[in-house]
Participant: 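Sending over a structure as structure tokens; questions will come in a sec.
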Amino acid sequence: MEKGMISVDRWSEGSQVYFLTHLHADHTNGLSSTWKRGPLFCSRITAKLFPFKFPGFKLSLLRVLEIGQWHSISLVSPTTGSDTTVNVMAIDAHHCPGAVMYLFRGEFGCMLYTGDFRWEPTNTRAQIGRSMLHNAIGNDKVDILYLDNTYCNPSYSFPSREVAAKQVVDVIASHPDHDIVIGIDSLGKEDLLLHIARVLKMKIWVWPERLQIMHLLGFHDIFTTKISQTRVRAVPRYSFSIDTLEGLNIMRPTIGIMPSGLPWVVRPLAGNNNIFGLSPSSFHHRSKLSAKAQRFACIQNLNEDSRAVEKYHEYIYTVPYSDHSCFEEIKEFVKLVQPTNMKGIVASSFSYVDPLYYFGHLLRVNLQSKRLSKNFERKGGESVEAVHTKSTLENDRSAEARMKRKTREGDLLGVHVSRVSILRRIRCGAKILELD
DNA sequence: GCGATCAGCT
DNA sequence: CACAGCTGATCGC
């Protein structure tokens with residue numbers, strides 16, 4: 001078997017060290033309590049939460065990286081077989097608690113793996129992150145950027161979380177006699193809940209496991225599991241549906257709030273007309289616009305930057321609160337990093353767009369990648385695979401073959417996208433073997 | 001009986 | 001359709 005060096009959010013065999021960006025399930029596929037493949041690096045907060053998600057995990061394998069500090073790791077070069085040093089820095093990704101990006105320097109060059117991230121233009125933590133990253137890169141150049149391309153399409157435009165949190169507070173305040181349920185996951189959106197609790201001076205109900213996580217994160221006296229103490233409840237997103245809200249309304253007047261970067265969130269019932277806001281069908285309709293119309297739509301979106309609260313259903317509001325960067329923020333990030341090449345880390349079953357399509361022109365001048373980018377734009381679909389292959393450090397043949405089997409080329413959104421025909425979203429992770 | 005994986009669903 | 005995640009069935013051990 002070919003020997004590897006480093007894996008990020010990938011847990012198959014063959015690497016000497018492994019890095020975890022954050023604890024969401026789509027980044028930990030393959031990780032388990034019985035893990036024994038090698039040292040696992042993560043942030044301090046992730047390490048603190050780790051035993052909760054993976055009880056029995058051999059903690060001697062966990063390595064905490066302090067944010068903003070360079071760490072040296074001794075590895076064996078997969079190309080020469082001799083000892084080599086890799087330097088790595090973790091930087092706050094501001095996605096969910098503990099989420100970090102990793103900047104690597106080694107014989108393979110300099111690479112940045114963002115994991116999932118959100119850096120709003122005016123956010124303090126993002127500003128600290130930007131200057132930290134800028135200083136860490138210094139005069140070096142980033143050879144390859146692995147980018148959170150979740151919302152890598154101009155149609156994804158939404159306000160900062162600060163603005164969206166205010167929208168949520170407004171919705172709650174305008175329903176003084178209603179119970180409120182907010183759909184959240186097992187990690188993330190804490191800042192939103194803290195904002196609500198502080199401004200409206202109320203506790204927030206969470207389910208028991210979530211309360212434990214809140215306590216691990218250091219939030220005491222704000223959350224409760226006693227239903228009588230508050231009218232605002234944060235509930236698991238999977239338990240949040242139109243059916244649930246209709247059921248709750250038999251007992252008490254209740255509204256649901258869905259914080260999401262996506263314009264559709266709750267699966268409509270069969271036959272539901274979706275008369276409120278941007279429905280799945282209207283999004284599809286918009287998606288069929290030509291590339292030119294798409295770009296026009298995106299300019300319009302820029303002007304209205306703050307997408308508003310939408311009433312999705314009689315009892316359900318969606319608020320554009322996202323823990324992923326919107327299109328403009330991704331673009332600013334790429335301009336900051338100026339990588340020589342880049343690759344998206346998210347392959348969505350619906351709208352995967354290679355970041356090179358929109359941001360190829362922002363790359364540091366590099367003949368090979370410029371040529372690839374040009375081919376990509378000229379020939380479209382056929383060359384997508386070529387760009388994918390050339391721009392990746394991935395070398396897991398079986399995984400690649402699997403991807404090819406499951407991938408077909410489509411022409412959605414007026415751009416050539418690689419459409420994955422399976423239903424699940426795929427997080428790629430990265431395995432670094434050698435310089436491309 | 002247990003963990004890993006997958007289908008189905010939200 | 002899915003930002004992320006649950007439940008239950010099945011399979012190999």
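A, B, ... follow the sequence lines: proteins, then strands. Residue 1 opens every chain. Computed from a predicted model, the values in this text were never measured in an experiment.
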Participant: Looking at Asp185(A) and Arg237(A), is there a salt bridge between them, counting it only when a charged N and a carboxylate O are closer than 4.0 Å?
Facilitator: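 So Arg237(A) pairs with Asp185(A) through a salt bridge.
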Participant: Scan for side-chain hydrogen bond (donor to acceptor under 3.5 Å, both in side chains) pairs involving residues 205-221 of chain A, sequence neighbours excluded, and state none if there are none.
Facilitator: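 Only Glu190(A)-Arg210(A) qualify under side-chain hydrogen bond (donor to acceptor under 3.5 Å, both in side chains).
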Participant: I need the CG-P distance between Asp185(A) and dC9(B), as an integer number of Å.
Facilitator: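 Spelled out: CG on Asp185(A) to P on dC9(B) is 20 Å.
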Participant: Given Phe327(A), which partner from the list Tyr357(A), Phe359(A), Phe333(A) fulfils the ring-ring contact (aromatic ring centres under 6.0 Å, His included) test?
Facilitator: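 Exactly one pass, corresponding to Phe359(A).
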Participant: Would you mind reading off the distance between Tyr321(A) atom OH and dA4(C) atom C1', rounded to a whole angstrom?
Facilitator: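 Value for this atom pair: 16 Å.
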Participant: Please list all pairs meeting side-chain hydrogen bond (donor to acceptor under 3.5 Å, both in side chains) that have one or both residues in residues 55-68 of chain A, counting only residues at least two apart or in different chains.
Facilitator: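 Applying side-chain hydrogen bond (donor to acceptor under 3.5 Å, both in side chains) to every pair that reaches into residues 55-68 of chain A, excluding sequence neighbours, yields Arg44(A)-Glu66(A).
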Participant: Quickly work out the Asn29(A) CG to dG5(C) P distance and round it to whole Å.
Facilitator: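 Distance check: Asn29(A) CG to dG5(C) P gives 10 Å.
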Participant: Side chain of Leu262(A), heavy atoms from C-beta onward: which of dA4(C), dA2(C), dG5(C) has the nearest atom to it?
Facilitator: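 Given the options dA4(C), dA2(C), dG5(C), the side chain of Leu262(A) is closest to dA2(C).
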Participant: Select base, sugar-phosphate, or nothing to describe what Ser32(A) touches, counting heavy atoms under 4.0 Å on all strands.
Facilitator: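 Sugar-phosphate only.
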Participant: Tyr151(A) has an atom OH; how far is it from atom C1' of dA2(C), in whole Å?
Facilitator: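 Tyr151(A) atom OH is separated from dA2(C) atom C1' by 9 Å.
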Participant: Taking atom C1' of dA4(C) as reference, at what distance in whole Å does atom CZ of Phe240(A) sit?
Facilitator: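 Taking atom C1' of dA4(C) as the reference, CZ of Phe240(A) is at 15 Å.
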Participant: Base, sugar-phosphate alone, or nothing: which one does Ser186(A) contact when heavy atoms must sit under 4.0 Å apart?
Facilitator: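 Sugar-phosphate: the residue Ser186(A), judged by heavy atoms under 4.0 Å, touches backbone atoms but no base.
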Participant: Please report, rounded to the nearest Å, how far the P atom of dG5(C) is from the CG atom of Leu31(A).
Facilitator: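 Roughly 13 Å, once rounded to whole Å.
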Participant: Do we see a donor-acceptor contact under 3.5 Å between the side chains of His27(A) and Asp116(A)?
Facilitator: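 Yes.
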Participant: Expressed in angstrom and rounded to an integer, what is the separation of Asp9(A) atom CG from dA4(C) atom P?
Facilitator: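 Computing the Asp9(A):CG to dA4(C):P distance gives 11 Å.
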Participant: Kindly say if His324(A) contacts the phosphate of dA2(C), meaning a side-chain N or O under 4.0 Å from OP1 or OP2.
Facilitator: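 So the side chain of His324(A) is outside the cut-off, no N or O lying under 4.0 Å from OP1 or OP2 of dA2(C).
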Participant: Check each residue of residues 44-62 of chain A for a non-hydrogen atom within less than 4.0 Å of any atom in DNA chain C, then write out the ones that pass by number, or none.
Facilitator: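 DNA chain C contact set from residues 44-62 of chain A: none.
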Participant: Select base, sugar-phosphate, or nothing to describe what Thr34(A) touches, counting heavy atoms under 4.0 Å on all strands.
Facilitator: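 Counting heavy atoms under 4.0 Å across all strands, the contact made by Thr34(A) is with sugar-phosphate only.
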Participant: Need one value for Asp323(A): base, sugar-phosphate or nothing, where a base atom within 4.0 Å counts as base even if backbone is also close, heavy atoms only.
Facilitator: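 No contact at all - Asp323(A) keeps every heavy atom at 4.0 Å or more from the nucleic acid.
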Participant: Does His27(A) place a side-chain N or O at less than 4.0 Å from the phosphate oxygens OP1/OP2 of dA4(C)?
Facilitator: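 So the side-chain polar atoms of His27(A) never come under 4.0 Å of the phosphate oxygens OP1 or OP2 of dA4(C).
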Participant: Do the ring centers of Tyr321(A) and His195(A) come within less than 6.0 Å of each other?
Facilitator: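 Distance test on ring centres: not under 6.0 Å, no.
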Participant: If only side-chain N and O atoms count, and only distance matters, is there a donor-acceptor pair under 3.5 Å linking Ser241(A) with Asp243(A)?
Facilitator: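 No pair is found: no donor N or O on one side chain lies under 3.5 Å from an acceptor on the other.
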Participant: Measure from OH on Tyr238(A) to P on dA4(C) and round the result to the nearest Å.
Facilitator: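 One finds 17 Å between P of dA4(C) and OH of Tyr238(A), rounded.
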